[in-house]
There are 2 protein chains.
Amino acid sequence: MVSETEKKIFEAARSVFMQKGIDGARMQEIADAAGINKAMLHYYFRTKEKLFVAIVAEAFADFFPNMIDIALLDLPIRDKIGAFIDRYLDMVGKNPFLPHFMIHALYRNPELAGEVVANMGHFPKQIIGLIANEMEKGTIPKSSPQHFVLNLVSMLIFPIVGRPIVQLIYFDNDVELYNGILKERKEEILKTILKEQ
Amino acid sequence: MVSETEKKIFEAARSVFMQKGIDGARMQEIADAAGINKAMLHYYFRTKEKLFVAIVAEAFADFFPNMIDIALLDLPIRDKIGAFIDRYLDMVGKNPFLPHFMIHALYRNPELAGEVVANMGHFPKQIIGLIANEMEKGTIPKSSPQHFVLNLVSMLIFPIVGRPIVQLIYFDNDVELYNGILKERKEEILKTILKEQ
DNA sequence: CGCATTATTAACCATATGGTTAAACCAAAT
DNA sequence: ATTTGGTTTAACCATATGGTTAATAATGCG
């Protein structure tokens, strides 16, 4: 059972850490965002480090299970990949900072790897196995399942995670224009990855 | 004319900022890395902010011109894209933090956009125009030049910028294994983007 | 109620941090 | 040799920051 205060702290911490990372975040700022006294942060989470780790762990623990169940749907592979893309873009719509946060957290804190692995089950291996299967069936172009998945997630995630640069240099920082491009990504990725002309 | 000291500061600052970002970097750490007194940092660059901006500006000013001249080579498009990929992987080999640094810098400091745009010439537009041209000629599959370029840079950059996560969850953090995968990327990207079966 | 446990606050603390200063150093010009 | 200008250093400063504490308030329970 978690107290209301603890929940408020957690939410505030999530918001601040997501946007600023552990280095850019200030405990006082988190306290202010939560509307409580700074001492409460330490009362509930001891240190900034522990609070941060809790947020990182939650992010990873939420992300992977949320993606994996799509693999279990009984759908043709094209629809399954489409659902995967939809789900991802949906998550990102709710929290645009998530992808960069996850990457940056591991860049700056590689020691969190262990923490994080525990929270993701067998997601990756299942996906790769599933793709290998479809390749054997001939429903998707035969190649390396690893590269296939890497291509998929790259084309899906990079336009999000690299948005500040890509939007700036290719689209004159036009937010609306770039949102339009993102909406087209699903069809574009499917066509590319399935090598449809 | 820049003094030897200024150069040492700049190199040290580049190394530290690249790895830790502006928030994670300490002026003392930069001074130590440069082997000089902390006061010299302020003597030559006034503030941490200004020093950081100088490093960011250099990164962008180096990156784009270095990539663009490939577009000017008189090569078949497949070779040109291949050279583009080679060049990028080569840069990253020399500085693995560069892609993440550039993205993170703009995430945390969107106000640097102006600073940065000045340093990149017409790189993006030229590339898009070039691709549109090839599509008309029929040398690459017809689709949106914007998406084509986005697909290319995504498949190229994401495995680098997302390395901490991808390597961890798909490849058990096996560095050698992942290096092997990266070596295969060039052929894989070309095949995918050109829709070769 | 009365007591014990938990939650909350304001004030405080030690240290880290970006930045400053005044004095010393040094090379070139006079 | 003295002056002059830029360069370098050690010491210093103000403030920010993560974290603590002791006292107070609220809550639950016998």
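Chain letters run A, B, ... following the sequence lines, proteins first, then strands; residues in each count from 1. Please read these numbers as outputs of a predicted model, since none were measured by experiment.
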Check: Looking only at side-chain N and O atoms, does B:R26 come under 4.0 Å of OP1 or OP2 in C:dG18?
Finding: yes
Next item on the list: Answer whether the closest heavy-atom distance between the side chains of A:I165 and A:I169 falls below 4.5 Å.
Entry: yes
What is the distance, to the nearest angstrom, from the [atom1] atom on [X] to the [atom2] atom on [N]?
X	N	atom1	atom2	answer
B:K7	D:dT7	NZ	P	14 Å
A:Q28	C:dT9	CD	P	12 Å
B:I36	D:dA10	CD1	P	11 Å
B:L41	C:dT20	CG	C1'	13 Å
A:D23	C:dT17	CG	C1'	14 Å
A:E49	D:dT17	CD	C1'	15 Å
B:I30	C:dG18	CD1	P	8 Å
B:K48	D:dA16	NZ	P	15 Å

Check: Could a donor-acceptor pair under 3.5 angstrom be found where the side chain of B:K38 meets the base of C:dG19?
Finding: yes
Is [X] touching bases, backbone alone, or none of the nucleic acid, heavy atoms closer than 4.0 Å?
X	result
B:Y44	sugar-phosphate
B:S3	nothing
B:M27	sugar-phosphate
A:A25	sugar-phosphate
B:T5	sugar-phosphate

Next item on the list: Decide yes or no on side-chain contact (heavy atoms from CB on, under 4.5 Å) for A:E196 and A:R78, but give the supporting numbers first.
Entry: CA-CA 12 Å; A:E196 299 167 353; A:R78 198 183 200 281; 2.9 Å; yes
Item checked: Over 12 foreign heavy atoms within 6.0 Å of NZ, A:K125 -> yes
Notebook entry, point to check: Where is the tightest heavy-atom contact between A:Q19 and B:R108, given as atom of each residue plus distance?
Noted result: O-CD, 3.7 Å
Checklist line | First encountered from the 5' end of DNA chain D, between B:M40 and A:H42 | finding: B:M40
Notebook entry, point to check: Honestly curious: do A:I131 and A:L72 fall in one hydrophobic cluster under the side-chain, below-4.5 Å linking rule?
Noted result: no
Next item on the list: Go through D:dT9, D:dT8, C:dA10 for me and flag the one nearest to the A:N37 side chain.
Entry: C:dA10
